[in-house]
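Indexing begins at 1, ligand by ligand and atom by atom, following the structure's order.
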Amino acid sequence: MGKGFFKVPVAKNEPILSYAPGTKERENVLSAYKSMYDSKVEVPLYINGEYIKSGVTQTMSPPHDHQHIVGTYHTANQNHVEQSISTALEARKTWAELPWEQRAGIFLRAAELIAGPYRAKINAATMMAQSKTVHQAEIDAACEFIDFLRFNVQFMTEIYSDQPQSTSDAWNRIEYRPLEGFTYAVTPFNFTAIAGNLPACMALMGNVVVWKPSDSQVYSAKVIMDVFNEAGVPPGVINVVFGDPVMITNTVLSSPDFAGLHFTGSTFVFKELWKQIGNNIHKYKTYPRIVGETGGKDFIVAHKSANPKQVATGIVRGAFEFQGQKCSAASRAYIPESLWADVKSFVLKDIDSIKMGAPEDLSNFMTAVIHEGSFDKIAKYINAAKNNPDAKIIAGGGYDKSKGYFIEPTVILTTNPHYETMSTELFGPVITIYVYKDEDYAETLKLVDETSAYALTGAIFSTDRYAADQATKALVNAAGNFYINDKPTGAVVGQQPFGGARASGTNDKAGSALNLLRWVSPRMIKETFVSPSDYKYPFLD
Ligand code: NAD
């Protein structure tokens, strides 16, 4: 920045549109969905600003309608990945030198494109690719993505303006340089916003990126690429490769110029990538930054003072929205004996009224899970619960993959607090509930803390302030995002920076300056105005 200390627009959260009957947004999204459903898209790789067709393709189908093909995407071979790396390194020469306000302008423009002309398209693509209801698509693909883009620009300027003290004879400055080399973004299927944010926030800080989206999110990743393109991200800055995750990752991680991994996905995959980076450490020119946000086994604890209707609503929304496929989804709950009859009856009544089906029918609260692998895994745990004396299915338990991967909202009641679905992430619409004796509150909090390897989100419902405080203290390391009297999902950028520790990730808090700090390598510059010209200090006289 040579000619002014520029102020960026103050970031504000994008308002969530209602999609109520009769609204313009409802008409627009349904029409975009229909035209996508009735046509076939071809998604190329995107390398050095060019659309590349490898000729080796995979088909894409909506999870709620798996025999219907909505397009194909081209997959990368090793040459494509190597080209992405070399092209990124070439682009770095000019991108890293571009004044920050120009980078900010690009990503602020991307936010406005999503808020306006691309809103219906990115939401419809997310409904199609990931089977989100319109509300789930709106809070993810439109609002959260826009918020990431706007708030990150503001956080970037806050970071840049954080400067050391100086004296009258020496001026101290910190330059927040991008990492030396290129960065690698590996993104999950479940949030279009995360898929876009992981590469975008690294690029915003001046880095160049190879981005590998999930095979189950390619359809909406294409819209993200179109937005970045139209917003003016220059060729080579963000390169997109689809296909074999192992080959792509092996190629990326063998490059000496690999400088950072920005991952969101499952714990097992992240640990494998970390190991691989460790094994390659002697190859790299710098120590790569490793950021990973991973799985969860997120809890709701109710104290005997809680309002049972509010607890039930927290369970139903927390566990079943987006079919429980949020890393933050409530998947285990601890309810005191004295509240259980009420909580149970409210939960069962709510579940009775839940409609499930394709997302283009806007009266559906739930749709399909992402793919057959996920469907089969969840069905296996449901079957096991049906046959285990420690468990009883008190709601749902049905599933059907004839047309789409549909699984009923399912509640397992267990008498064993260590039953496997109290600790294993299923990533589906299944919650397991353990009923504890009211007087065992302290022991139950200990149980919550020690049952699972994860520590992503969790909630305490209590109207007793002492009990809420007791839980806040006892569960200090059990969740990176902790909620009092609210469901454990729905973090908003700029309000609740998101991430967890233990097996849930490096807790670098997406949607905050803490995350952006991982993508810079500060250089300290001290400038002395009148340099000493005699090596002898006065005490030597
Ligand atoms: P996943 O781990 O299957 O895939 C994530 C990404 O890793 C995809 O791009 C995939 O292609 C890639 N991948 C898979 N195997 C790989 C390998 N061997 N080498 C290299 N890359 C590989 O996860 P998913 O099913 O897409 O997403 C769901 C998971 O993500 C859940 O565990 C969920 O909790 C987690 N998640 C966490 C957060 C968070 O913020 N903590 C947010 C969203 C999702």
Side-chain angles (χ1 to χ4, degrees), residues 58 63 73 75-76 81 129-130 132 136 140 144 148 184-199 210-218 220-221 240-254 258 261-277 290-298 322-331 369-375 377-378 405 424-428 452-458 479-481 488-491 493 496-512 515:
Q58 297 277 346
Y73 64 95
T75 58
V81 185
Q130 293 122 287
K132 291 207 171 191
Q136 292 299 316
D140 162 22
E144 182 167 297
F148 273 134
Y184 183 37
V186 181
T187 57
F189 80 82
N190 67 335
F191 273 84
T192 301
I194 295 176
N197 178 50
L198 264 52
V210 176
W211 169 29
K212 196 212 82 59
S214 158
D215 287 341
S216 303
Q217 191 260 327
V218 173
S220 49
V240 189
V241 283
F242 305 111
D244 178 2
V246 175
M247 179 281 291
I248 295 172
T249 301
N250 285 345
T251 310
V252 167
L253 299 187
S254 342
F258 166 67
L261 169 68
H262 203 183
F263 176 89
T264 299
S266 58
T267 299
F268 178 80
V269 172
F270 182 56
K271 286 187 174 174
E272 288 299 303
L273 299 190
W274 189 302
K275 204 158 67 182
Q276 204 173 338
I277 293 167
I290 307 178
V291 170
E293 298 306 331
T294 60
K297 190 69 199 173
D298 310 300
F322 188 34
Q323 298 73 259
Q325 298 172 118
K326 299 186 183 189
C327 46
S328 55
S331 58
V369 299
I370 192 70
H371 49 49
E372 190 164 23
S374 175
F375 177 94
K377 173 182 166 184
I378 300 162
Y405 303 112
T424 308
E425 184 185 50
L426 308 194
F427 223 57
S452 140
Y454 300 105
L456 191 50
T457 74
N481 284 55
T489 61
V493 177
Q496 299 101 22
F498 189 78
R502 295 188 183 160
S504 292
T506 53
N507 200 13
D508 288 293
K509 297 290 186 215
S512 80
N515 180 284

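- For the pair T457 (side chain) and S328 (backbone), a donor-acceptor distance under 3.5 Å is present.
- In this view, K297 satisfies the salt bridge (charged side-chain N to carboxylate O under 4.0 Å, His left out) rule with no residue, not counting sequence neighbours.
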I'd like a table of the close N/O pairs between ligand 1 and the protein (anything under 3.5 Å), one pair per line with both atom names and the distance.
residue  : atom   : partner : partner atom : Å
ligand 1 : 2 (O)  : S266    : N            : 2.8
ligand 1 : 2 (O)  : S266    : OG           : 2.5
ligand 1 : 9 (O)  : T187    : O            : 2.7
ligand 1 : 9 (O)  : K212    : NZ           : 3.1
ligand 1 : 11 (O) : K212    : NZ           : 2.8
ligand 1 : 26 (O) : F189    : N            : 3.1
ligand 1 : 30 (O) : G265    : O            : 3.3
ligand 1 : 32 (O) : E425    : OE1          : 2.7
ligand 1 : 34 (O) : E425    : OE2          : 2.7
ligand 1 : 41 (N) : T294    : N            : 3.3
ligand 1 : 41 (N) : T294    : O            : 2.8

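- With sequence neighbours left out, D508 forms a salt bridge (charged side-chain N to carboxylate O under 4.0 Å, His left out) with R518.
- Residues I194 and E144 form a side-chain contact, since some pair of their non-hydrogen atoms from C-beta on lies under 4.5 Å apart.
- V186 is listed as a side-chain neighbour of L261, based on a closest heavy-atom distance under 4.5 Å.
- Residues satisfying the ring pair (Phe, Tyr, Trp, His ring centres under 6.0 Å) criterion with Y73, sequence neighbours excluded, are F242.
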